[in-house]
Amino acid sequence: MVQPFDIIPIVKCKGCGVTLQYDDPNQLGYTPKKESKYCQRCFRLSHYGDQMVSLKTGIDPDRVVETIQKTKGTLVWVVDGLDIDHGFMDDFNALFSNRSIVLVVTKTDLLVDIIDSQKYYGFIMDRLKSMNISVDGLIVTGDYGLDHNTVLLDQLKPYAVDSVSIFAGRANAGKSTLLNGLLNQKILTTSRYPGTTIDFNPIHLDNGLTIIDTPGIENSESILQAVDDSTIKALLPTKPIKPSVYQCYSPQSYSIGGLMRIDIVPQSTVSIVMYLENNLKIHRTPLDNAKKLWSNHLGTLLKPWSHREYETIVISEPLDGRDLCINGLGWMSFHGQTTALSMTLPKQVSYTIRKRMI
Ligand SMILES: Nc1nc2c(ncn2[C@@H]2O[C@H](COP(=O)(O)OP(=O)(O)OP(=O)(O)O)[C@@H](O)[C@H]2O)c(=O)[nH]1
Ligand SMILES: [Mg+2]
């Protein structure tokens with residue numbers, strides 16, 4: 001017979017929403033202390049920034065979407081302001097129809113040196129239109145709008161028509177950071193790595209409202225999925241982006257570390273402005289030397305790099321006046337006509353071409 005003291009209640013980690021367990025240190029949710037409110041992984045992430053387990057695994061994106069669909073409430077969709085293009089799933093509005101959706105754009109403090117707030121706001125509105133995404137409200141956080149908590153709450157109020165608000169979005173968009181700001185307390189675990197929040201994590205507020213932190217929806221076509229866990233942070237900007245400008249007069253190849261390479265034959269002059277993590281090294285070489293450089297130096301001089309196979313994609317669409325956005329990496333802006341342009345990047349990493357942001 002089961003004795004009452006054998007019944008262990010299900011307790012969730014306050015930091016990441018995972019069910020706590022006390023038996024297996026190698027599985028998610030482990031904590032050695034029964035009275036602990038946080039799992040060991042959250043404790044270590046918060047105190048030592050230590051990864052413990054791969055943060056790219058374990059959360060099934062379809063399950064996250066299904067659970068959001070089944071949960072009644074206002075959807076607060078959080079998007080990383082550096083990568084609006086890859087912040088949504090295909091058919092976004094069809095996935096989340098018949099509910100109020102507020103879009104919150106984060107990390108705009110990283111854009112302060114390159115675009116002003118009015119232009120940025122206009123850019124987002126345009127971009128949403130061209131991606132066929134419609135939302136009921138748009139809030140731009142950080143340096144371009146507001147500081148968290150009270151202001152954000154006030155801005156959310158008109159749209160948060162339900163007593164429940166679900167904060168969801170791609171992994172690493174800044175959902176848990178935003179909620180900590182809104183709560184004015186560091187309750188939820190945040191980290192530089194995608195995949196920090198493990199399960200749905202409701203927080204009941206004194207005023208009767210509930211806000212729910214959710215696991216980020218993994219972006220399988222992001223370059224972050226194509227590199228080792230230890231490399232991820234080298235790709236993610238933490239300081240305002242400083243663009244680097246290149247003038248291309250003759251056939252040239254530009255390698256971003258060993259992550260990707262872009263080969264250009266200009267018609268006359270092409271200027272390229274790259275918006276990437278500031279410490280990534282760009283190697284420029286005459287086009288006829290590019291193949292040799294890659295075969296001799298990928299992973300040594302050219303790093304960070306990917307263990308995945310690479311593929312070369314010929315871009316026939318004119319890029320003059322356009323941005324080429326690489327999923328998870330950043331974007332480059334082109335001015336001037338090219339005769340030929342191709343890029344080599346790890347397989348399954350997606351890209352978009354859009355009207356220039358700046
Ligand atoms: N500069 C800057 N960094 C931010 C901002 N918001 C979040 N971050 C950083 O982005 C990283 C990810 O933030 P999280 O809050 O953990 O993101 P998340 O969406 O909850 O991530 P998952 O739980 O993995 O889906 C952390 O390093 C944060 O410090 C912001 O507005 N500006
Ligand atoms: Mg989170």
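Quick note: numbers below take in every heavy atom, side chains included, and nothing from hydrogens, waters or symmetry partners. Atoms within a ligand are numbered from 1 in the order they appear, just like the ligands themselves.
The distance from ligand 1 to the heavy atoms of A173 drops below 4.0 Å at these ligand atoms: 19 (O). Residue L110 approaches ligand 1 through these ligand atoms, each under 4.0 Å from one of its heavy atoms: 1 (N). Near P194, with a cut-off below 4.0 Å to any heavy atom, the atoms of ligand 1 are 24 (O). In summary, the atoms of ligand 1 found under 4.0 Å from a heavy atom of T196, numbered by their order in the structure, are 22 (P), 23 (O), 24 (O). Within ligand 1, the atoms closer than 4.0 Å to a non-hydrogen atom of T190 are 15 (O), 16 (O), numbered from 1 in the order shown. Close contacts between ligand 1 and N172 involve ligand atoms 11 (C), 12 (C), 17 (O), 18 (P), 19 (O), 21 (O), 22 (P), 24 (O), 25 (O) [criterion: under 4.0 Å to a heavy atom]. Numbered from 1 in the order shown, with element, the atoms of ligand 1 that lie under 4.0 Å from a heavy atom of R192 read 27 (O). Taking every heavy atom of G216 and a limit of under 4.0 angstrom, the matching atoms of ligand 1 come to 25 (O).
Note that CG of D213 is 5.0 Å distant from CG of L188, once rounded to the nearest 0.5 Å. Distance check, rounded to the nearest 0.5 Å: CE of M260 to OH of Y351 gives 10.0 Å. Atom NE2 of H86 sits about 4.0 Å away from atom CG of N327, to the nearest 0.5 Å. Expressed to the nearest 0.5 Å, how far CG of N172 lies from OG1 of T196 amounts to 6.5 Å.
Between D80 and K175 there is no salt bridge, since no side-chain N of the basic residue sits under 4.0 Å from a carboxylate O of the acidic one.
At a 3.5 angstrom cut-off on N or O pairs, D213 does not count as close to ligand 1. Residue T106 places no N or O, backbone or side chain, under 3.5 Å from any N or O of ligand 1. The distance criterion of under 3.5 Å between nitrogen or oxygen atoms is met by G174 with respect to ligand 1. Not one N or O of P215 is nearer than 3.5 Å to an N or O of ligand 1, by distance alone.
Partner D85 forms a salt bridge (Lys or Arg N to Asp or Glu O under 4.0 Å) with one of K355, R354, R170 and no other, that one being R354. Checked against F88 for a side-chain contact (heavy atoms from CB on, under 4.5 Å), the options I217, N93, N132, I133 give a single hit: I133. Under the side-chain contact (heavy atoms from CB on, under 4.5 Å) test applied with I223, the options L235, I256, T231 reduce to a single match, L235.
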Does the pair V79 and T106 meet the rule for a side-chain contact (heavy atoms from CB on, under 4.5 Å), with working shown? CA-CA 6 Å; V79 170; T106 61; over 6 Å; no
For a salt bridge (charged side-chain N to carboxylate O under 4.0 Å, His left out) check, start with the C-alpha distance between D109 and K107, then their side-chain angles and the critical distance, and finish with the verdict. CA-CA 5 Å; D109 52 305; K107 307 195 189 180; over 6 Å; no
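Among the atoms of N172, no N, O or S atom falls under 2.8 Å of the Mg ion (ligand 2). Among the atoms of T189, no N, O or S atom is found under 2.8 Å from the Mg ion (ligand 2).
With a 4.0 Å heavy-atom cut-off, ligand 1 is reached by no atom of L236. Under 4.0 Å from ligand 1, heavy atoms of S176 appear from its side chain as well as its backbone. At a heavy-atom distance under 4.0 Å, only backbone atoms of S191 (N, CA, C or O) approach ligand 1.
Between Y246 and Y254, the distance separating the two ring centers is shorter than 6.0 angstrom.
Put simply, the angle at the Mg ion (ligand 2) from OG in S176 to OG1 in T197 is close to 90°, to the nearest 10°.
Under a cutoff of 6.0 Å and an axis angle of 45°, K347 and Y310 do not form a cation-pi pair.
The shortest separation from a heavy atom of D109 to ligand 1 is under 4.0 Å, placing the residue in contact.
For atom 25 (O) of ligand 1, the nearest non-hydrogen atom from the set K175, E218, K239 belongs to K175.
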